[in-house]
Amino acid sequence: MFGLALSTLRFRKGGFVATFVALFLGTAVVMACGGLMETGISTVIPPQRLAAAPIVVAGDQTYHLPPVYAGTEDEYHETAVLAERVRLDAGLAAAIERVPGVAKVVADVSFPASVPGDDGAPAVPGTQRGHDWSSAELAPYGLRDGRAPEREGEVVLDETIAARTGHQAGGSLPIAVPGGVRSFEVVGIASTGNPLAVESMFFATADAQRFAVAPGQVDAFGVLPAPGTDLTALRGLVDAQLQGRGAVTLVGDDRGLAEFAQAASDGELLIILAAVFGGLAIQVAMFVVASTLGLSVQQRRREMALLRAVGTTPGQLSRMITGEAMVVGVLATGLACIPGAFLGSWLFDRLTGFGVFQPVLKFHQSWLSAAAAIVVGLGSAWGAAFVAARFAAKARPVEAMRETAGPARWLTAFRLWCGVSSLVCGLVLAYLTITVMDGPLAASTAGPAVTLVATAVALFSPGLTKALVAVLHLPVRAVSGLSGYLATLNARARWLPMSGAVTPIMLATGLAVFMLYFQTTQTEAARQEYDQALVADAVVTSATGEISDELVGQVGGTPGVGTASAFVTSKGYNESPSDSSQDEDGVELHGVTAAAAAQTRQGDVVSGRLDALVGNTIALPADRAERLGSGVGDVITMRLGDGASVPLEIVAILRAQADFSTALMPASTLAPHTTAGVVTQLLVTAAPGTGTDQLSAALTTFAADKPGLTVADRSSLTEAYLAEEQANAWVNYLIVGLLLVYAAISVVNTLVMATAHRRREFGLQRLTGATRGQVLRMITVEALMVAAIGGLLGSLVAASMLVPFSAAVSDSWLPAGPLWIYPAVLGLAVLLTVVATLVPAWLTLRSQASAAVLAAE
């Protein structure tokens, strides 16, 4: 039968080309997702500023959470990545230098440094850091012009910063550093052969020590080995020397973790996105391939009937159909590996460009992604062929001959079981979304639920199409005359092939409407949540990255200011007592000023006093305090973002909020345990009777004579927050766009195949007196019916989870977002359907009617 399958490929080019396109595109998308997942799993971060050091010693950024099921055989530890940089004691340099084979140890110390523009904001986009000139050799940097900085007040600029600011060696330049904006003499320009090296400024040792965020501590050590030293052995010796000191040795691409410690968590997010994206892609691919191949088999009913009548066994027929699909599958999946490799890299570049991930991650794709995509593609082809062949293979010869007039059976026990199971599971998830899930958790059930509902609708698509054709035939005939009459007759006779065209339209419209409104609803819910939680009418930031207590007092005394609070954010972990529900996300921590917090958040206090937030103290949400079994006056131990274990006294219990569970600490206590090391923002509220415009004007006047200070109003704060949220939105938009392109091509693919197959039918209509124009009008009405049915079913699929999701994240059952999205998606679906139907019909009608009637199926 395999030889027969090969021979049929020559005479069924249309159907097999359609199947080839569906498998080719689906495999390429799945391979791209595999590349994204490999990138997340490997998390390769090439070193930039430390590239010249074969071994790098950095602080251990991992934290082992308290054991789950402690004391049992099932006990295990989850590992989290600490939110802030873990610095090392500068004295470790002497211990590392004592290791045999170490020629030199270079400490890397960094601090905020930027060139302020006229508005106080950095003149050069991006993040620039200041470093001691002694660490320049770690990149390595070399002087292109001028000399090294030797005295206080001297600086060497990276050639990129020099070009962007227009400064060369010999001039002076104002630079925002911790403590204020100071004027520095530019004594040299440095360049490096490493294209990945970040933009930096290099200062004299005295200045670097003075501006260091944490005096006596360093970011990392670069270890330069003596000539001829075995690096593997040397690393082992350094490891042994640093045992128990909270340090790790890094080699190869792992050295990048010393520079970009938080990029490791991006890898986990990339894995999740690749899994979600890949799951959707696999589902769409399976549906599209099944729909295309099923339609192809349906169009060969006469051929199948003849084979059964001449003695072909069900097994032989099934093997023939499966063999045809696998031949096409092998060719399609093999060729799809070429664009799949480029598509994965393109997707990764878009995600980093949108700010979803740090651009320091390196895209990695091996043969494993291609192998997985080929397996998925071939599995989809085999599964689709198996399902498509079941009915044809099991029918008796007499029944098979009767089926050429129009099949009546479509609902098998397997299809019924799968469809009902998918629908029930989708409804259960929808119920859980409304009743159990709150806020961000609702997104975790909404996505899987809508795919389950779409699966059920796709499985029941033939029956739903038949029922909707029966409902539509009277209205269509009433408004479209003779063309509508002929179209409805055809639709009622050809409802099963029509369902093959309806399914991809349903998938395209359903997923597009759901995912677009899902994102707009989520963004609007986040905006409302942020707006309600925001206790500031304006924010003051400093280009030096430091808000001093003196500045807080000065702003608080400005006319029109009600309260002024230092503000810093971080993340920590409950260490003692332990919270069994705690995961790697930890506890969100906000550092504030006690007096301001007492005035602005007094309504959130259940017990205790916020004005007692001084020193090592904390205010916990009620639900977390309950899980810890602690109350006001108790002392808990928190592992802060830089790895420090700090005892904190509970001075207040806050009202628990499902979507915003944050603990408060004094900003002066929290800030030293952050990467910046200082308070970065100042939140300001207006005094009674003062408008926000008046407040902004007063603060702008206050900041005018203080270089580096910038003022933003409440709307700017919200816009900045939503800009960060928009990075996540772009992920969904990218997914929607790619899947829509795939679904749209599949729609065109299916419709072209279905229309081209009707050549004999069109020829008979023309021989009985119909003109080309009448046939085209009839086809147009049919296409509109297909689009209407697909759009209706897709709308129901989208609504099945948009309504529960909207109810879970907001106070409305209706999704938020522009109204034009829905008609735009439906309009695009109608346009694709009509064009993909009329173009092949027009080409088919160009041939002679008699030749069309005599043509093969």
Side-chain angles (χ1 to χ4, degrees), residues 529-572 587-605 608-621 640-641 648 650-655 657 660-674 676-688 690-692 694-696 698-700 702-703 706 708-718 720-721:
E529 177 187 327
Y530 180 81
D531 198 55
Q532 292 172 2
L534 185 61
V535 291
D537 297 310
V539 62
V540 177
T541 57
S542 173
T544 64
E546 180 177 12
I547 301 292
S548 64
D549 291 339
E550 179 183 2
L551 181 62
V552 174
Q554 292 175 352
V555 173
T558 302
V561 172
T563 63
S565 174
F567 185 71
V568 61
T569 62
S570 187
K571 186 170 70 173
V587 184
E588 288 294 327
L589 300 174
H590 286 181
V592 296
T593 301
Q599 295 183 54
T600 57
R601 298 199 59 173
Q602 190 60 42
D604 295 333
V605 177
R609 297 171 28 237
L610 287 179
D611 57 6
L613 279 171
V614 180
N616 286 3
T617 57
I618 191 171
L620 284 179
L640 298 183
L648 300 169
I650 301 175
V651 297
I653 302 297
L654 304 175
R655 183 175 290 106
Q657 301 181 44
F660 193 72
S661 182
T662 303
L664 302 181
M665 289 179 60
S668 57
T669 302
L670 183 60
H673 298 284
T674 63
V678 293
V679 176
T680 55
Q681 289 183 322
L682 179 59
L683 302 184
V684 183
T685 62
T690 302
T692 55
Q694 294 174 299
L695 177 65
S696 296
L699 292 175
T700 301
F702 169 82
K706 294 176 175 57
L709 287 186
T710 57
V711 179
D713 58 18
R714 183 184 180 91
S715 61
S716 299
L717 290 175
T718 304
Y721 173 77

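This chain uses plain numbering: 1 for the first residue, then up along the sequence. Just so you know, these numbers use all the heavy atoms, side chains as well, and skip hydrogens, waters and symmetry mates.
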Sole candidate of Val555, Val539, Thr593, Leu699 that passes side chain to side chain contact (heavy atoms under 4.5 Å, CB included) when paired with Leu682 = Val555
task = Taking Gln599 for its side chain and Ala596 for its backbone only, find out whether a donor-acceptor pair lies under 3.5 Å.
result = no
ask   = For the side chain of Asp604 and the backbone of Arg655, is there at least one donor-acceptor N/O pair under 3.5 Å apart?
value = no
Quick one: closest heavy-atom pair of [X] and [Y], and the distance?
X      : Y      : value
Gly615 : Thr669 : O-OG1, 2.7 Å
Leu640 : Met665 : CD2-SD, 4.3 Å
Ser696 : Val711 : O-CG1, 4.5 Å
Val552 : Ala564 : CG1-O, 3.7 Å
Val592 : Phe567 : CG1-CD1, 4.3 Å
Leu589 : Gly572 : CD1-N, 3.7 Å

Nearest 0.5 Å, what's the [atom1]-[atom2] distance between [X] and [Y]?
X      : Y      : atom1 : atom2 : answer
Thr710 : Gln681 : OG1   : CD    : 9.0 Å
Thr600 : Asp537 : OG1   : CG    : 10.5 Å
Leu664 : His590 : CG    : NE2   : 8.0 Å

request  = Just grab all the side chain to side chain donor-acceptor pair (under 3.5 Å) pairs involving residues 553-569, residues at least two apart or on different chains.
outcome  = Glu550-Gln554, Thr563-Thr685
query = Taking the side chain as C-beta and beyond, is there a heavy-atom pair between Pro666 and Thr617 under 4.5 Å?
reply = yes
request  = With the side chain counted from C-beta on, respond yes when Leu654 and Leu620 share a heavy-atom pair under 4.5 Å apart, and no when they do not.
outcome  = no
message = Please enumerate all residues that pass side-chain contact (heavy atoms from CB on, under 4.5 Å) together with Ala598, with sequence neighbours excluded.
response = Gln602, Leu610, Asp611
